[in-house]
Amino acid sequence: MHSTPALAPETTIAIVGAGRLGGVLARALRAAGFVVIGPLRREDRAADADIALLCVPDSAIPAVAFAVRPHARLIAHVSGATPLADVDFSLHPLQTFTGTETSEVFRGIGVAIDGRTPELLEVAEQLARALGANPFRVDDSHRAEYHAAASFASNFVLTVLDAAEELAKDAGVDRTHLAPLVRQTVDNWAASGAASALTGPIVRGDEATVARQRAASAEYEYLFDALATATRAIAGRAPDATTADHAATPEEPRV
């Protein structure tokens with residue numbers, strides 16, 4: 001094993017954890033020219049390596065890190081929420097994975113990194129760039145906000161889309177009809193932000209339509225109210241907007 005933090009092509013990396021991300025990372029790191037061991041499952045023997053990359057549930061990181069410490073020069077995890085208490089550096093791809101992706105999936109995506117020292121931070125950066133990703137630093141004091149943002153951008157989006165799919169069924173509308181709207185909305189947000197991209201009855205001040213939407217939301221009424229309140233705040237940030245333009249009506253109480 002090597003004694004310097006620089007990542008040489010012959011660097012050995014043990015992937016500990018055979019879940020979705022572990023398998024994809026193993027393929028991508030092999031394609032990048034590293035010597036990859038694994039993904040290793042729970043029953044596998046710990047392997048000697050330059051780097052042990054822990055792709056395990058957050059709650060398992062302390063115990064797994066302790067177990068592999070005698071076998072690896074450096075230990076890293078791929079958690080977005082877990083601090084560096086038990087590892088040397090971290091590498092969190094800001095992406096969602098099914099486990100079937102090719103090694104190209106990391107190219108151009110963001111990867112949150114951190115390290116206990118500047119040298120270890122450099123190792124994390126080199127590893128991210130070897131995957132073709134764009135690294136950015138998120139330290140322990142900002143992990144909670146960062147990970148919450150990731151959940152809003154991915155998990156909670158799926159919650160809203162599932163509600164949209166369910167509400168659309170009675171009208172004979174399915175995912176394939178909604179998907180182009182979703183894609184264009186995301187593209188508009190990426191280009192100019194939510195306040196500029198926002199359209200619809202709330203931003204237009206069409207309260208009669210908002211009330212009809214709320215009545216049609218059935219068991220999703222609680223979600224509609226929360227989202228409408230948040231959407232009014234976004235609409236209030238739009239150019240030339242005033243608070244009165246987007247005030248709630250008696251038919252649509254604030255939550």
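Only a predicted model underlies this, so the values are computations on that prediction, with no experimental measurement involved. This chain uses plain numbering: 1 for the first residue, then up along the sequence.
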Trainee: Which heavy atom in G22 sits nearest to a heavy atom in I15, and how many Å separate them?
Mentor: O-CG2, 3.6 Å
Trainee: Supply the atom-to-atom distance S192 OG to L198 CG, rounded to the nearest 0.5 angstrom.
Mentor: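 Separation between the atoms: 10.5 Å.
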Trainee: For the residue pair G38 and A26, what are the closest heavy atoms and their distance?
Mentor: O-CB, 4.3 Å
Trainee: Report the residues that fulfil side chain to side chain donor-acceptor pair (under 3.5 Å) with Q95, sequence neighbours left out, ordered by chain and then residue number.
Mentor: none
Trainee: Between H77 and F89, is the ring-ring contact (aromatic ring centres under 6.0 Å, His included) condition met? List the steps.
Mentor: CA-CA 7 Å; H77 65 54; F89 67 92; 9.0 Å; no
Trainee: Would a single hydrophobic cluster contain both V157 and Y146, if residues Ile, Leu, Val, Met, Phe, Trp and Tyr are joined by side-chain heavy-atom contacts under 4.5 Å?
Mentor: no
Trainee: Side-chain heavy atoms under 4.5 angstrom apart, residues restricted to Ile, Leu, Val, Met, Phe, Trp, Tyr: same cluster for L25 and L40?
Mentor: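 L25 does not cluster with L40.
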Trainee: A side-chain contact here means heavy atoms from C-beta on lying under 4.5 Å apart; do V111 and L91 qualify?
Mentor: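 Yes. Closest side-chain heavy atoms under 4.5 Å.
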Trainee: Any chain of hydrophobic side-chain contacts (each under 4.5 Å) joining V36 to L131?
Mentor: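 Yes, V36 and L131 fall within the same hydrophobic cluster.
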Trainee: Is it the case that the side chains of T209 and R212 hold a donor-acceptor pair, with the cut-off being a distance below 3.5 Å and no angle test?
Mentor: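 Per modelled atom types, R212 and T209 side chains form a pair under 3.5 Å.
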Trainee: Identify whether I61 and V78 are in the same connected component of the hydrophobic contact network (ILVMFWY, side-chain heavy atoms under 4.5 Å).
Mentor: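 No, I61 and V78 fall in different hydrophobic clusters.
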Trainee: Are F106 and L54 connected in a single hydrophobic cluster, I mean Ile/Leu/Val/Met/Phe/Trp/Tyr linked by side-chain heavy atoms less than 4.5 Å apart?
Mentor: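 Each belongs to a different hydrophobic cluster.
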Trainee: Does CZ in R137 sit with more than 12 non-hydrogen atoms of other residues, nucleotides or ligands closer than 6.0 Å?
Mentor: yes
Trainee: How far does CG of L227 sit from OH of Y222, to the nearest 0.5 angstrom?
Mentor: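 OH of Y222 is found 9.5 Å from CG of L227.
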Trainee: Going by heavy atoms in the side chains, are D48 and H71 under 4.5 Å from each other?
Mentor: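 Yes, close enough: below the 4.5 Å cut-off.
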Trainee: Going by heavy atoms in the side chains, are V16 and L53 under 4.5 Å from each other?
Mentor: no
Trainee: Checking Q213 side chain against A211 main chain: does a donor-acceptor pair fall under 3.5 Å?
Mentor: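 It does not hold such a pair.
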Trainee: Are V68 and I75 side-chain neighbours, meaning at least one heavy-atom pair lies under 4.5 Å?
Mentor: yes
Trainee: Taking only Lys NZ, Arg NE, NH1 and NH2, and the carboxylate oxygens of Asp or Glu, determine whether R41 and D44 approach each other closer than 4.0 Å.
Mentor: no
Trainee: Determine, step by step, whether L178 and V173 satisfy the side-chain contact (heavy atoms from CB on, under 4.5 Å) criterion, reporting the C-alpha distance in whole Å, the side-chain angles of both residues, the deciding distance to 0.1 Å, and the verdict.
Mentor: CA-CA 8 Å; L178 294 170; V173 176; 4.2 Å; yes
Trainee: Any idea which heavy atoms bring S154 and T96 closest together, and the distance?
Mentor: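 Closest pair (atom of S154, atom of T96, distance): OG-CB, 4.2 Å.
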Trainee: If you count the non-hydrogen atoms of other residues, nucleotides and ligands that lie under 6.0 Å from CG in N155, is the total more than 12?
Mentor: yes
Trainee: Excluding sequence neighbours, so at least two apart, what forms side chain to side chain donor-acceptor pair (under 3.5 Å) with T231?
Mentor: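 T231 satisfies side chain to side chain donor-acceptor pair (under 3.5 Å) with no other residue.
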Trainee: Minimum heavy-atom separation for T176 to P180, with atom names?
Mentor: O-CD, 3.3 Å
Trainee: Any carboxylate oxygen within less than 4.0 angstrom of a Lys/Arg side-chain nitrogen, looking at K169 and D174?
Mentor: no
Trainee: P39 and G17: which non-hydrogen atoms are nearest, and at how many Å?
Mentor: CB-O, 3.5 Å
Trainee: Where the side chain of R27 meets the backbone of E101, is there a donor-acceptor pair that is under 3.5 Å apart?
Mentor: yes
Trainee: Check for a donor-acceptor pair, side chain of T185 on one end and backbone N or O of L181 on the other, with a separation under 3.5 Å.
Mentor: yes
Trainee: Is there a donor-acceptor pair closer than 3.5 Å between any side-chain N or O of Q126 and the backbone N or O of L7?
Mentor: yes
Trainee: With the side chain counted from C-beta on, respond yes when S90 and I113 share a heavy-atom pair under 4.5 Å apart, and no when they do not.
Mentor: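 Side chain of S90 against side chain of I113, heavy atoms only: no contact under 4.5 Å found.
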Trainee: Which heavy atom of A52 sits nearest a heavy atom of A72, and at what distance?
Mentor: CB-CB, 3.7 Å
Trainee: Would a line drawn from the ring center of Y220 to the ring center of F224 be shorter than 6.0 Å?
Mentor: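 Ring-ring flag for Y220/F224: false, centres at least 6.0 Å apart.
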Trainee: Less than 4.0 angstrom from a charged side-chain N to a carboxylate O is my criterion; do E207 and R232 meet it?
Mentor: yes
Trainee: Passes side-chain contact (heavy atoms from CB on, under 4.5 Å), T82 versus R143? Steps please.
Mentor: CA-CA 7 Å; T82 306; R143 283 183 181 273; 5.8 Å; no
Trainee: side-chain contact (heavy atoms from CB on, under 4.5 Å), that's the test. Do L127 and L29 meet it? Break it down for me.
Mentor: CA-CA 9 Å; L127 203 54; L29 290 169; 3.9 Å; yes
Trainee: Only one of V138, L121, V87 clears side-chain contact (heavy atoms from CB on, under 4.5 Å) with D114; which?
Mentor: L121
Trainee: Do I109 and L94 have side chains that get closer than 4.5 Å, going by heavy atoms?
Mentor: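 No, too far: nothing below the 4.5 Å cut-off.
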Trainee: Do the side chains of L84 and D140 get nearer than 4.5 Å, heavy atoms only?
Mentor: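 The answer is yes; the side chains approach within 4.5 Å.
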Trainee: Taking the side chain from D139 and the backbone from H142, do they hold a donor-acceptor pair closer than 3.5 Å?
Mentor: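 Yes: the side chain of D139 pairs with the backbone of H142.
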Trainee: Verify the distance criterion only: is there a donor paired with an acceptor across the side chains of T199 and R204 at less than 3.5 Å?
Mentor: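 Note: T199 and R204 side chains miss the donor-acceptor criterion.
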Trainee: Check this for me: F136, atom CZ, are more than 12 non-hydrogen atoms of other residues, nucleotides or ligands nearer than 6.0 Å?
Mentor: yes
Trainee: Scan side-chain atoms only and decide if S79 and D58 contain a donor-acceptor pair under the 3.5 Å cut-off.
Mentor: yes
Trainee: So do V123 and L74 actually touch side chain to side chain, heavy atoms under 4.5 Å?
Mentor: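 A side-chain contact exists here, since the closest heavy-atom pair is under 4.5 Å.
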Trainee: Please walk me through it: do F34 and T12 pass side-chain contact (heavy atoms from CB on, under 4.5 Å)?
Mentor: CA-CA 6 Å; F34 296 105; T12 55; over 6 Å; no
Trainee: Answer yes when D88 and R69 have at least one side-chain N-carboxylate O distance shorter than 4.0 Å, and no when they do not.
Mentor: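 Looking at D88 and R69, the cut-off is met.
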